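Ligands are counted one by one from 1 in listed order, and the atoms in each one are counted from 1 as well. These numbers were taken from a predicted model, which means no experiment stands behind them.
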Amino acid sequence: MRSIVWFRHNLRLSDNRPLSLAAKEGAVLPVYVHDPTLSLFPDRVRQRWRKRSLWELDRSLRKLGNRLHVFSGSSCEILLKVATRVRAERVYAFRGLTGEDRALEERLENELRKAGVSLHLTGFDTLYPPDLAAEGRSSPWKIFTPYHRFCRQSFLPEHPLPAPSRVDSLPSLASLGGEEEVGGAGEVVSFVGFEPGEAGAMHCLREFLENSLAGYASRRDYPAEEGTSRLSPHLASGEISVREIVQRLQESDAPGKDREKFLEELGWREFSAHLLFFHPEMLVDPLKKEWATMEWTSDEAGFLAWKEGRTGFPLVDAGMMRELAETGWMHNRVRMVAASFLVKNLGVSWQSGSRWFAERLLDYDPANNAASWQWVAGCGIDAAPYFRIFNPVLQGQRYDPHGKYVRRFLPELSALPDEKIHLPRKQSSSADWERPASSQGYPEPIVDLSESREAALRRYRRFRTLAP
Ligand SMILES: Cc1cc2nc3c(=O)[nH]c(=O)nc-3n(C[C@H](O)[C@H](O)[C@H](O)COP(=O)(O)OP(=O)(O)OC[C@H]3O[C@@H](n4cnc5c(N)ncnc54)[C@H](O)[C@@H]3O)c2cc1C
């Protein structure tokens with residue numbers, strides 16, 4: 001048997017079913033295609049990550065007697081051309097989740113069939129099947145808790161497959177034409193706090209299990225702490241499988257409540273994938289259809305200040321200006337506060353924020369990003385109610401009480417005392433406030449929190465009255 005293994009969002013050898021099946025059956029041509037038609041948003045930051053990750057993957061394949069073949073262009077045309085050229089009988093891949101991924105699979109299957117090649121999609125790269133309809137119905141689940149409980153009870157997590165011990169290459173393979181060089185480690189700038197590739201992902205998991213899983217449930221909300229796994233960029237590139245993570249989690253002797261909480265967060269990832277499977281339009285349209293009539297503002301100046309971390313609210317600015325810009329990652333608590341600030345206090349649409357995150361995040365995941373933005377905005381399924389408006393000052397005081405996170409990313413505020421660190425400028429509601437001299441140069445707040453909150457609630461009431 002001669003097969004192509006088409007690496008899509010799964011840049012790894014372990015627990016890679018398409019690869020394991022193809023390697024068992026015969027010779028394999030591993031292929032990756034940079035396909036610009038598949039990314040809805042510009043992804044310059046992730047291209048650098050991917051380049052490095054592909055290089056790592058190629059190195060690992062070479063150790064098994066094979067190598068990676070990289071192309072750019074239309075996945076369908078390239079796979080068809082290569083399959084014909086090498087006389088492959090099968091193309092193996094995981095199934096994709098987005099509407100674009102699924103349309104491509106259908107087109108590819110037809111084109112390959114005409115050429116006498118079969119497409120073998122070996123299921124989704126998830127813990128639970130995302131196409132699982134709600135119990136007893138054909139519609140998707142609407143509430144996370146029963147969905148997660150049902151999945152936990154119904155599916156025993158599959159054991160991850162080991163990486164194949166050899167992946168035979170196709171015999172006497174001449175040049176395929178149109179192939180690209182598989183990036184180089186040296187060309188790639190480093191990523192603060194991350195090591196792209198499968199080995200980096202496994203290292204990240206080990207570190208988390210050994211050092212941060214115990215205490216996860218209580219520490220995960222504090223951005224200054226090393227309280228979360230930071231596995232998200234690896235999961236987004238498929239450098240590690242979620243089944244591998246769950247297996248190691250179950251073997252860990254960390255307290256049950258921490259393991260449960262972590263499993264629940266992975267469950268939100270599954271739920272988001274489930275929502276995307278049933279609602280491919282959710283990347284740009286609200287899941288609650290009536291929200292299409294919500295009137296957002298066009299506060300361009302406010303949006304720019306938010307993107308550049310000049311809102312005058314330290315927790316938002318530390319996240320937007322520094323953590324995201326410098327590292328390509330942002331702590332979950334800060335994502336929630338920054339997103340709420342944009343959508344509620346500035347009245348800018350969740351789609352604008354979600355697009356900005358999609359362009360900037362190393363861990364951009366279409367399902368997680370859209371579901372989370374819609375959760376914050378209030379138009380998602382099982383979302384936070386619209387009137388839940390995070391107060392960035394109170395959130396800062398609660399989750400960064402000594403300003404350690406803010407000081408790390410906004411050194412211009414580092415000399416402020418703890419009680420002023422989240423409020424370096426006056427708000428109308430803070431009557432006894434005195435301007436600290438040490439925060440000169442830091443911007444004035446671009447909105448008054450109480451007034452913008454009232455405006456947000458008025459906007460919502462108008463929408464509820466007019467909504468069909
Ligand atoms: C506005 C907004 C946008 C977001 N965009 C993304 C995104 O593009 N990509 C992304 O992976 N996550 C996104 N999240 C969810 C969450 O912030 C990140 O998954 C988390 O911060 C990643 O850090 P970690 O790996 O240390 O998380 P951990 O706490 O260690 O969690 C482990 C894994 O569980 C999953 N997870 C955790 N929280 C969530 C969640 N709320 N929803 C779905 N999955 C979750 C992630 O895969 C994460 O890697 C977003 C959240 C918000 C509020």
Give a yes or no on whether the ring-centroid distance for [X] and [Y] is below 6.0 angstrom.
| X | Y | result |
| --- | --- | --- |
| F313 | F341 | yes |
| F71 | H34 | no |
| Y405 | Y399 | no |
| W141 | F271 | no |
| W6 | Y92 | no |
| W291 | Y386 | yes |

Can you list the ligand 1 atoms lying under 4.0 Å from a non-hydrogen atom of [X]?
| X | value |
| --- | --- |
| R269 | 43 (C), 44 (N), 47 (O) |
| Y364 | 8 (O) |
| S232 | 11 (O), 22 (C), 23 (O), 25 (O), 49 (O) |

Heavy atoms of C204 and L231 approach each other most closely as SG-CD2, 3.8 Å
Which residue and atom name correspond to the protein heavy atom nearest [atom], and how close is it?
| atom | result |
| --- | --- |
| atom 33 (C) of ligand 1 | L266 CD2, 3.7 Å |
| atom 40 (C) of ligand 1 | W268 CB, 4.0 Å |
| atom 4 (C) of ligand 1 | N369 OD1, 3.6 Å |
| atom 6 (C) of ligand 1 | R335 NH1, 3.3 Å |
| atom 29 (O) of ligand 1 | Y216 OH, 2.5 Å |
| atom 16 (C) of ligand 1 | N332 OD1, 3.3 Å |
| atom 23 (O) of ligand 1 | W329 CZ2, 3.3 Å |

Min heavy-atom dist [X] to ligand 1 below 4.0 Å:
| X | answer |
| --- | --- |
| R230 | yes |
| F208 | no |
| F262 | yes |
| W375 | no |

Does ligand 1 have a heavy atom under 4.0 Å from the side chain of [X], from its backbone, from both, or from neither?
| X | value |
| --- | --- |
| F271 | neither |
| D363 | both |
| L235 | side chain |

Is it the case that atom [atom1] in [X] sees more than 12 heavy atoms from other parts of the structure closer than 6.0 Å?
| X | atom1 | answer |
| --- | --- | --- |
| R50 | CZ | yes |
| E251 | CD | yes |
| E226 | CD | no |

In terms of side-chain geometry, is the basic nitrogen of E260 or K257 positioned less than 4.0 Å from the acidic oxygen of its partner?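 Result for this pair is no, no salt bridge flagged.
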Looking only at non-hydrogen atoms, which of M336, E265, E270 approaches atom 34 (O) of ligand 1 most closely? E265
Nearest 0.5 angstrom please: L283 CG to Q351 CD, how far? 11.0 Å
Classify the side-chain pair D299/T297 by whether it contains a donor and acceptor separated by less than 3.5 Å.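 Short answer, no.
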Would you say [X] has any N or O atom under 3.5 Å from an N or O of ligand 1, going by distance alone?
| X | value |
| --- | --- |
| L231 | yes |
| W373 | no |
| N368 | yes |

